[in-house]
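Because the structure is a prediction, the values reported are computed rather than measured. Both backbone and side-chain heavy atoms feed into the values below; hydrogens, waters and symmetry mates do not.
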Amino acid sequence: MLQLQVIRENKDAIINALKKRNFDAKPVLEKVLDCDEKRRSLQTKLDSVLAESNKLSKDIGFLFKSGKADEANVLKAKTTSLKEDSKKLSDELNQAANQLNDLLYQIPNVPNETVPAGSTDEDNEEVFREGVIPELASNALPHWELAKKYDIIDFELGVKITGAGFPVYKGKGARLQRALISYFLDKNVEAGYTEMQVPHLVNETSGFGTGQLPDKEGQMYHIGEDNLYLIPTAEVPITNLFRNEIISAKDFPICYTGYTPCFRREAGSYGAHVRGLNRLHQFDKVEIVRVEHPENSYDALNQMVEHIKNILRELKLPYRILRLCGGDLGFTSALTFDFEVFSTAQDRWLEISSVSNFETYQANRLKFRFKDENGKKHLVHTLNGSALALPRVLAGILENYQTENGIEIPEVLQPYCGFERID
RNA sequence: GGAGGAAUGGCAGAGUGGUCGAAUGCACUAGUCUUGAAAACUAGCGAGGGUCACACCUCCGGGGGUUCGAAUCCCUCUUCCUCCGCCA
């Protein structure tokens, strides 16, 4: 969430910037400032009541010790009304603080100045394109047909044991999945990211920490009995590793990578666009997370973009990069680049990675700070990106690498797969 | 799952109703000394709110209670440890 102090000092600039998201921030910001003022004045009142009662208590202690019980009892009587006051004030204070928090949760992150205005994905700005779109035979198949033809992914079996959106990978399909995970992790480690294995279930506090709660409650699977959530992305456990931490400026940069399955309820549309691997309830993803000094976070974002470009070049997949417009930008992000692979057989672009700088938005919720050389504390900047999400990469490979003799395996993956072709 | 014990500052660890945000040691930071380092010595060293700055307020695992006053007493939750049982 946004920092109160920043809101106090830059109200108009924030209102202006949030227009790019088509978000009218004026009413909520004014409420925030009102509420904040109310909170502070209650706090001051409460503090002075407590100060007085602390003082009386001390006096009473001294009086009892010196045997002046009568005088002590007189003071005791005085504390009764103070107690009532403090109870009342602290209730009001709590209420104001909660209200303030609820308001702050409703305000999305302020977009970076380079974010284009716009309301839908059609307004996203293409900033880069690379790779050769292969010419396929006229009878080229979409991946769900290929999966069936070569018996490498079974969607019906997944329906049988769980439900729609939970595919079963078989034989070379399973092996290719495992190969992709290992390959991505190896590339990330090579680039300086430390590999982590983290829990796939998180508690409520973690959900709030990265911003999935409260506004995306319905998108996560919830285990009511234990009040735990299945992670929608490794971003949640990995970023929450740092909740309530204060690191030293020397610790930058922190670069982590991790593979996890991801679970999304995504009660959404059905149809051709969500067929096959295009949209799933469970899928695999390798994530990269960075923690940076505020001055370096945009350099870091560029490095992450370059890193993902390299992977896609090695895989020889045609892709493009989009700078998301205000309307398409995630709630917590200040700037996001989406990577899309072109699926020739489907004749459309498939999103395979999303790389974002959250600036201090997540750090503020997480209370994740660093100490500078002078010992002053500041919020860090957090960033993350997929490197990469498996299903659509797999779809892209199956579709773009199909030949009359089967599906060729990209060269860099062959050592991981142990075979060169699916046939 | 059963029985018992514990949770205090970055770590270790004292503190069982008042002057305790909290001894002491280690670690850390700065300075002195040294060619440099180490050692020694000196000083500093938790977090949040609040203030121009002080003052002041809150926090001893979380929540609630008793009391004029709680790290200390009571209730509850969570976590960890030991023993037994079960188990990949």
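Under 4.0 angstrom from either OP1 or OP2 of B:rG50 there lies at least one side-chain N or O belonging to A:Arg39. OP1 or OP2 of B:rU58 lies within a sub-4.0 Å distance of a side-chain N or O belonging to A:Asn54.
Comment: A:Lys11 engages A:Glu30 in a salt bridge, judged by a side-chain N to carboxylate O separation of less than 4.0 angstrom. Salt bridge status for A:Glu190 with A:Lys187: present, with a side-chain N to carboxylate O gap under 4.0 Å.
A:Thr79 comes within 4.0 angstrom of the backbone, heavy atoms only, and of no base. Using a 4.0 Å heavy-atom cutoff across all strands shown, A:Ile60 reaches at least one base atom of the nucleic acid. Residue contacts for A:Lys371: at a heavy-atom cut-off of 4.0 Å it reaches the sugar-phosphate backbone alone, with no base atom in range. A:Lys78 comes within 4.0 angstrom of no nucleic acid atom, judged by non-hydrogen atoms across all strands.
Put simply, the side chain of A:Asp47 and the base of B:rG49 share a donor and an acceptor less than 3.5 Å apart.
Residues A:Leu50 and A:Asp36 each lie close to RNA chain B; by heavy-atom proximity, the contact nearer the 5' end of the strand is made by A:Asp36.
Of the candidate nucleotides B:rU29, B:rU19, B:rC57, B:rU29 has the atom nearest to the side chain of A:Lys250. Among the nucleotides B:rC57, B:rA47, B:rC68, the one closest to any side-chain atom of A:Arg369 is B:rA47. In this structure, of B:rG49, B:rC68, B:rU19, it is B:rU19 that holds the atom nearest to the side chain of A:Lys58. Checking B:rC68, B:rC56, B:rG50 against every side-chain atom of A:Phe64, the shortest atom distance belongs to B:rC68.
Comparing B:rA43 with B:rA47, their C1' atoms sit 23 Å apart, to the nearest whole Å.
At whole-Å resolution of the value, CG in A:Asp91 and P in B:rG64 are 10 Å apart. With rounding to whole Å, A:Lys376 atom NZ is found 18 Å from B:rC45 atom P.
Between A:Tyr221 and A:Phe263, the ring planes are perpendicular. Angles over 60° get that label, and only those under 30° would be called parallel.
Cation-pi contact between A:Lys172 and A:Phe419: present, with separation from the ring centre below 6.0 Å and deviation from the ring axis of at most 45°.
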